[in-house]
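All of these numbers come straight from a predicted model, not from anything done at the bench. Chain naming here is simple, since letters A, B, ... match the order of the sequence lines and numbering starts at 1 in each.
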2 protein chains.
Amino acid sequence: MELQVSGGQLKRCPVHEFAFFNELAEDIHHMLRCVESDALDYTAAETIYHAGVSAQHLYLLHDGYVKLFKTSENGKNQIIRIVRAGEIFGFDGLVDVRYNHSAVPLKEASVCRIAVVNLNALGVFRPEVERLIMARCIRELQHADERLLELGAKRSQERLAGFLLSWCEATQVNKWTPLVLSRLEIAQFLGLTIETVSRLFAQWKRDGLVVEKRQAIQILDRSKMALLANN
Amino acid sequence: MELQVSGGQLKRCPVHEFAFFNELAEDIHHMLRCVESDALDYTAAETIYHAGVSAQHLYLLHDGYVKLFKTSENGKNQIIRIVRAGEIFGFDGLVDVRYNHSAVPLKEASVCRIAVVNLNALGVFRPEVERLIMARCIRELQHADERLLELGAKRSQERLAGFLLSWCEATQVNKWTPLVLSRLEIAQFLGLTIETVSRLFAQWKRDGLVVEKRQAIQILDRSKMALLANN
DNA sequence: CGTTTCTTTGATAGGGATCAATCATGGTGG
DNA sequence: CCACCATGATTGATCCCTATCAAAGAAACG
C-alpha cells in the first residue's frame with residue numbers, strides 16, 4: 001500500500017520495529033503494534049514539515065539524517081539540530097499547535113510518524129511512552145545547552161573542530177566517516193559562512209589533520225583536533 | 001524549622017502552593033501535598049548547584065531569577081537560560097546522574113525543590129506530573145531553538161534588541177522594567193562582550209530609544225527596537 | 001561535454017574583541 | 001557623614017577574526 005503524501009513516500013509502518021521502543025516493557029510494546037503509524041521515505045529535496053505548520057505528528061527517524069532549522073527574518077538559516085537514525089523529532093505537537101522549526105532530510109531519509117491523537121489514545125500505556133519521550137526531550141535540552149555554549153562562546157575553528165570530532169565520534173580510527181553535509185549546511189549549523197568553513201578545511205588538509213574524499217572524511221590526528229576544539 | 005544546606009536557607013515547603021501545579025487535577029494536587037519538598041532561599045552569591053554535581057532535585061522557582069550557565073574550557077561563561085518565577089529547572093536528574101550546567105540566582109531567589117526519588121514515589125499520580133514536566137521541557141526546547149538562531153545568525157544589535165524586547169515584554173508602555181542583569185551577564189547571555197553591550201546601550205540612550213535608571217529600564221520606542229531586532 | 005551547482009581561493013572591509021584608562025556607583029569604616 | 005576603596009560601567013584606540021565581495025576551479029548532472 002503506497003500513497004503519495006506531502007512529498008513523502010507513504011506506507012504502513014510497524015512502529016515496534018524501532019529500537020526506540022525497545023526500551024519499553026513487552027506488553028506495552030505489544031500494545032503499540034495496534035497504534036496506527038506511517039512509514040515515509042523522503043529524498044533530500046522534500047521537506048518533512050515546515051515551521052509554522054500544524055504539528056500533528058511525532059517522528060522517529062529510521063534511516064538517514066534530518067536537519068531541523070529555523071529561518072530568521074533576514075533569510076538566514078540556522079540548523080538547530082541534526083537528527084540521526086533512532087532519534088525522535090517534532091516534539092512540538094505534544095504541547096503546541098505548530099512546529100517551530102522546519103525539518104528536511106540531508107540526503108534520503110526514512111521516517112516513521114505517529115499522530116499525536118493516536119499517542120493520546122494509548123490509554124493506560126501512554127504514561128510509559130510519555131516517560132520515554134520526556135527522557136529523550138531532556139537529552140535534547142542538554143544537547144541544546146552544549147550548542148549554545150559553542151555558538152555563544154567559541155570561535156570558528158573551535159566550533160568546526162568540535163563538530164568534526166562529534167561527527168566522527170563513533171567511527172574507528174583510520175576509517176572513513178560519511179560526511180552528508182554540504183559546506184553550506186556545516187556553516188549554517190555552526191553559525192559561520194561557507195568560506196570560513198572551506199578555509200579551515202583547506203588549512204587542516206594542508207596540515208595533515210584531516211583527509212577528505214567525495215562524501216567522506218577522516219580525522220588523522222584526533223588529539224590535535226581536540227586541542228583546536230577546546231582552546 | 002530552618003537549616004543551612006549547601007548555601008541555601010532551608011525550610012519545609014508546601015509544594016501545592018506553586019502555580020506550576022495548579023494545572024493538575026485536584027486529587028493529584030492533594031496527593032502532592034504529601035510529597036516531601038524543601039523551600040530554599042538564596043542570595044546572589046550562593047550557587048544552587050554546580051555543573052557536574054549529582055542531580056537529585058527538580059527545582060521550581062518561586063520568586064526571583066536564576067541563571068543557568070555553562071563554562072567552557074577557556075573559562076568563558078555562557079548563560080543558557082534565565083529562569084523566571086513559576087518555571088522549573090534542573091531537569092537533568094530525571095534522566096542523568098549529573099547536572100550539565102550550573103544554577104545561580106541573579107539576585108535573591110526562593111526555590112522549592114523536590115527530590116527525584118520522591119517524584120518517582122508518586123505512584124499512579126506520577127504520570128500526570130511527568131506529563132506536566134514533559135510539556136515544560138518541550139517548551140524549553142523551543143526556547144532553546146530560538147536562542148540558537150539568535151546566537152548563530154544574528155549580529156550584536158539584533159541580539160540585544162531582541163533580548164530587551166522579550167525582557168520588557170510583559171511590562172506596560174511607559175512603565176519601568178527591573179533589569180536584574182549586570183552588563184556582564186547580558187553579555188554572557190548574548191555571546192558578546194561587556195563593552196559591546198555598553199556601547200549599544202549608550203548609543204540607544206543618545207537616540208532616545210531607551211532610558212535607564214538604577215536597576216530598571218524602559219523602552220521608549222518598541223517598534224523601532226523591533227526593527228533593530230529583526231534586520 | 002556543456003551547464004549548473006558547489007567549493008576553493010584571493011582581496012578587502014567591517015564588526016566586534018581586546019587592551020587600556022577614566023568614570024560612576026555603592027558599600028565600608030573611620 | 002564623608003572619605004575611601006572595590007566593583008561595575010563607560011569610552012577610546014587598535015587589532016584581528018570573520019563576513020563580504022569576487023572570480024576561478026572542481027564536481028555533479030543531464
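Checking the phosphate oxygens (OP1, OP2) of C:dT8, a side-chain nitrogen or oxygen of A:R183 falls inside 4.0 Å. The phosphate of D:dT20 has OP1 or OP2 within less than 4.0 Å of a side-chain N or O from B:R155. The shortest distance between the side-chain N/O atoms of A:S156 and the OP1/OP2 oxygens of D:dT18 is below 4.0 Å. For C:dC6, neither phosphate oxygen OP1 nor OP2 lies less than 4.0 angstrom from any side-chain nitrogen or oxygen of A:S182.
Below the 3.5 angstrom threshold, one finds no donor paired with an acceptor across the side chain of B:R199 and the base of C:dG15. Judged by atom type and distance alone, A:E195 reaches the base of D:dC21 through a side-chain donor-acceptor pair under 3.5 Å. For A:R159 against D:dT18, no side-chain N or O and base N or O form a donor-acceptor pair under 3.5 Å.
Across A:H143, A:H101, A:E140, a single residue satisfies side-chain hydrogen bond (donor to acceptor under 3.5 Å, both in side chains) together with A:R81, and that is A:E140.
Among the protein residues, A:R214 comes within range of no part of the nucleic acid, since none of its heavy atoms lies under 4.0 Å from any strand.
Going from atom CH2 of A:W204 over to atom C1' of C:dT9 covers 18 Å, rounded to whole Å. Taking atom CD on A:Q188 and atom P on D:dA19, their separation rounds to 13 Å, with Å as the unit. Atom CG in B:L192 sits about 15 Å away from atom P in D:dA9, given to the nearest Å. A straight line from NZ of A:K205 to P of C:dT7 spans 10 Å, rounded to a whole angstrom. Regarding A:K213, its NZ atom lies at a distance of 13 Å from the P atom of D:dA28, rounded to whole Å. One interatomic measurement links the two molecules: CD of B:Q215 to C1' of C:dA24, which rounds to 14 Å at whole-angstrom precision. At whole-Å resolution of the value, NZ in B:K154 and C1' in D:dA19 are 18 Å apart. As a whole-Å value, the separation of A:K76 NZ from D:dA19 C1' is 8 Å.
For the pair A:R183 and A:F201, the cation-pi test (distance below 6.0 Å, angle within 45°) is passed. With a 6.0 Å cutoff to the six-membered ring centre and a 45° limit on the axis angle, A:R147 counts as a cation-pi contact of A:F189.
When distances run from any side-chain atom of A:S198 to the nucleotides C:dT9, D:dT20, C:dT18, the shortest one goes to C:dT9. Of the listed nucleotides (D:dT20, D:dT10, C:dT18), C:dT18 has the atom at the smallest distance from the side chain of B:T193. When distances are taken from the side chain of A:T196 to each of D:dT20, D:dT10, D:dT18, the shortest belongs to D:dT18.
B:E146 and A:K70 are joined by a salt bridge, as a carboxylate oxygen and a charged side-chain nitrogen come within less than 4.0 angstrom of each other.
Formation of a donor-acceptor pair under 3.5 Å by the B:R159 side chain with backbone atoms of B:L190 is found in this model.
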